[in-house]
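Below, all heavy atoms of this structure are taken into account, side chains as well, without hydrogens, waters or symmetry copies. In what follows, chains are A, B, ... by sequence order, proteins preceding strands, each numbered from 1.
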Amino acid sequence: MSSFSEDDAFEAAVPLSQRAMAQRPTPYLDGLNPAQREAVETLDGPVLMLAGAGTGKTKALTTRIAHLLATGRARPHEILAVTFTNKAAREMKLRIGSLMGDAVEGMPWLGTFHSVCAKLLRRHAELVGLKSNFTILDTDDQIRLMKQLIVAAGIDEKRWPPRMLAGIIDNWKNKALTPDKISAADAGAFDSKGAALYAAYQRRLLELNAVDFGDILLHVVTIFQTHPDVLQQYQRWFKYILVDEYQDTNVAQYLWLRLLAASHKNICCVGDDDQSIYGWRGAEVGNILRFETDFPGAHVVRLEENYRSTPHILAAASGVIAANKGRLGKTLFTSRTDGEKVRLIGHWDGEEEARWIGEEIEAMQRGTRGMEPINLDKMAIMVRATQQMRAFEDRFLSIGLPYRVIGGPRFYERKEIRDAVAYFRVVVSPDHDLAFERVLNTPKRGLGDKAVQTIRNTAGANEISLFESARLCCQNKLIKGKGLKELAILVEGIDRWHGETIGPVRQIQADNSVFEDESIVAAFDADETEYDHVELAEKILDESGYTASYFKQQTPEEFERGDTLVPIDIEAPGRLENLKELIAQLSRFENLQGFLENVSLNLDNGQEENVEKVSIMTLHSAKGLEFPAVFLPGWEDGLFPSQRSMDQPGILGEKGLEEERRLAYVGITRAEAVCIISFASNRMMFNKDSRGWTSQMPSRFIDELPEPHVEVLTPPGLYGGSYGAAGMAASASPAIAGGAMSNLHQKAHDANVYNSPGWRRLQNRSAQRGMAMPAEARNMTIDLAAVSAFTEGDRVFHQKFGYGEVMGIEGDKLVIAFDKAGSKHVVARFVVSAGQADDVPF
DNA sequence: TTATCTAGCGTTTTT
DNA sequence: CGCTAGATAA
């Protein structure tokens, strides 16, 4: 089991003049402050870089790599640099490139924990019973698999949902616990069955030659632990190790790093304990807190000079985070003296909060308070929970404010992408049962539970794959009716496409057995075959009927209207767009096999269009980003901090709360110049304990904002369109009636809408005018030209609501009866006429 | 087998 | 409210 493949040998053999490199000038050091410089120049031994928000940690990290290379300490392939996200890895590559010129060809070991480990695992797969072409299951596959096992084990699905059990196993994997290491205490409520189920799950994965995300790390750790020779080679190979976002590492990642760094201890971890927000996903802040114990003599460097935010924003963030205990402690400072205070404002309800923020964004876009106009791209709304996003989306859609949601479902997690990938997978390896099962009845082929069961049984009885079983079922007519015909077509199709990937590997013999052409299989292994995989991929999706399944047969009237292809639902055009993007991504890989090995780890969300938009995201996905203007809505107890975190008893409660507080810290420190925190007294909530309207106290974190750095805003009194205004003020929420309030709370409330002159004016006004808010009150530009492009009866398409018919025009809005989404008022420029929407790929 | 209805549920989510 | 999974109806 030699560990290093030919490409390593080749890399190692590349002649390199270390002395020449050592003499390279180091101009890149000039732009560093003393702390950064120390972090960069302390090359040997363990280094912990405590880098606060906005202190230039990526700069320090990338410069350190440049320095390692320039001084000849290591060659590019001898540096192991790990991040958590592909984005961070890409960013680092880019920045190293610009520091070094084009001197660095590539750093094969700069990547995410998962992609680096997957690479290692492919080399040593056999040591844990896998083949090197194993597939990586995503969360969805994981749960489906778990479900099958649960049913097989006769466990009550209701009591132990697959999702939950998969989660438990995931947690164990994060803690580097293999099935044999699960103690009764770890198993918790699920007792000994947990370990058994876990073991069964792992066995099944091996059978399928598959791993889940957790396995990628865990298997490699296992290999290192059980094969010292392999570990040693890598300890020697990776001369320097760098780790980004160290506070987010879990136990498995920690063990992995510790094993690799054990001999030379040239490990540099960068992190910020105050930004540890993934504890619920297995991250251990403890890892960063005890770095100095793990690596005695560690050099600790603190980056505390912040280059991002104004003093008030920094002070507010520091004030909040100061309430946390057990911090490593950092005090951010800045040389800046400019800037305004953090703004705080209370609202009546979530809808009004969204409305106010929308107006504020439009105002800032125009330029307000003597500030220069701010581009929409430079503003962001950061929420605690995804549900909060809807209020903003609804509002922005109706006022025609362009926005983009950051995060959301990952590209490869989308149904259509997974379907397509399953097709590719089954074509490359027809015996891939999971992929075949997915593809079997997508699109609908009239194969239901019964047919699937028949195929499964046949497979089991003959010990063949599902695909071969399906072939057999067709030949022996074990399946009836439409399904039989369709299945035969599918089997035939897979054979044909498969043939195109590597030539005629399989041929059905006269006796129904399958003939395998060894020479061609060998050729494939040697990677010598060539075929146009992009073209083939398109063909597969086309000929399988998959693409077509997103269109419905058009009716005569649709034909009349000129709708050439009619999507089956609102989502269809987007899905086709995604498939198109997938095909485009394919060309980045040499062949389908190469693509498949990387999909689940390396496929990012689609390209960013360059339209100016406000960003909406969760606080979690905001980490690492920065914006000149940041809105932080929903600061209410129960929402932020979340109820869950507060419900945890005792010491755990503190822990949960501290993580929430770090989330607040992350949020505030994203802001460069403007930071606006808001809360609403009433919010439409749908959670376990309470449904419907809830009224909450403003967040306890608001109390922790240092008063001198906060300006409590008085609403401008431009509010219209609030509902049921009369009586609301009197019945004011418990939050207001509630007991002792801090100064800031009190101030915020005093200035709050329900007590303000603006609120009273609103009551009168809304009584007089009803609900509608006059457009001119918001200084809104009415785009009449856009409206006049449509007339009553027009068939239109809207990106979110789908198809509909224009029922009328009110001011700058179109009233549209949507087929699925009901009647809505929508700004004209968010709508296109139906014909234009059918610009569909393939 | 499929389409349609209803009950149940509802933090955060880098890979 | 809006989504999903499961049960029911066609």
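Residue A/Ser600 is out of contact with every strand shown, counting any heavy-atom pair closer than 4.0 Å. Within 4.0 Å (heavy atoms only), A/Lys147 reaches sugar-phosphate atoms of the nucleic acid but no base atom. Using a 4.0 Å heavy-atom criterion, one finds that A/Asp449 contacts the sugar-phosphate atoms exclusively. Within the 4.0 angstrom heavy-atom criterion, no nucleotide atom of any strand lies near A/Glu245. Residue A/Thr618 is in sugar-phosphate contact alone, with no base atom involved, counting any heavy-atom pair closer than 4.0 Å across all strands shown. Residue A/Lys623 is classed as having no contact, given no heavy-atom separation below 4.0 Å to the nucleic acid.
Listed by chain and number, the residues in a side chain to side chain donor-acceptor pair (under 3.5 Å) with A/Arg670 are A/Gln275 (sequence neighbours excluded).
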Tabulate atom names and distances for all N/O pairs under 3.5 angstrom spanning the protein and nucleotides 2-8 of chain B.
residue	atom	partner	partner atom	Å
B/dT2	OP1	A/Gly446	N	3.0

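One donor-acceptor pair, N or O on each side, does fall under 3.5 Å between the base of B/dT15 and the side chain of A/Arg281.
When ring centroids are compared, A/Phe84 and A/His114 stay outside the 6.0 Å threshold. The ring of A/Phe701 has its center closer than 6.0 angstrom to the ring center of A/Phe640.
Counting to the nearest Å, the P atom of B/dT15 and the CG atom of A/Asp244 are 13 Å from each other.
Comparing A/Arg384 and A/Ala451 by the nucleotide of DNA chain B that holds the closest heavy atom to each, the one mapping nearer the 5' end is A/Ala451.
The side chain of A/Gln643 contributes no N or O atom lying less than 4.0 Å from OP1 or OP2 of B/dT11. Remark: A/Ser621 is not in phosphate contact with B/dT12, judged by side-chain N or O atoms under 4.0 Å from OP1 or OP2. Distances shorter than 4.0 Å separate none of the side-chain N or O atoms of A/Thr139 from OP1 or OP2 on B/dT15.
One finds a salt bridge joining A/Glu659 and A/Arg662 here, because a Lys/Arg side-chain nitrogen approaches an Asp/Glu carboxylate oxygen to under 4.0 Å. Salt bridge status for A/Glu486 with A/Lys444: absent, with no side-chain N to carboxylate O gap under 4.0 Å.
Residue ring and base: A/Phe113 does not count as stacked with B/dT15 (centre distance below 5.5 Å and interplanar angle below 30° not both satisfied).
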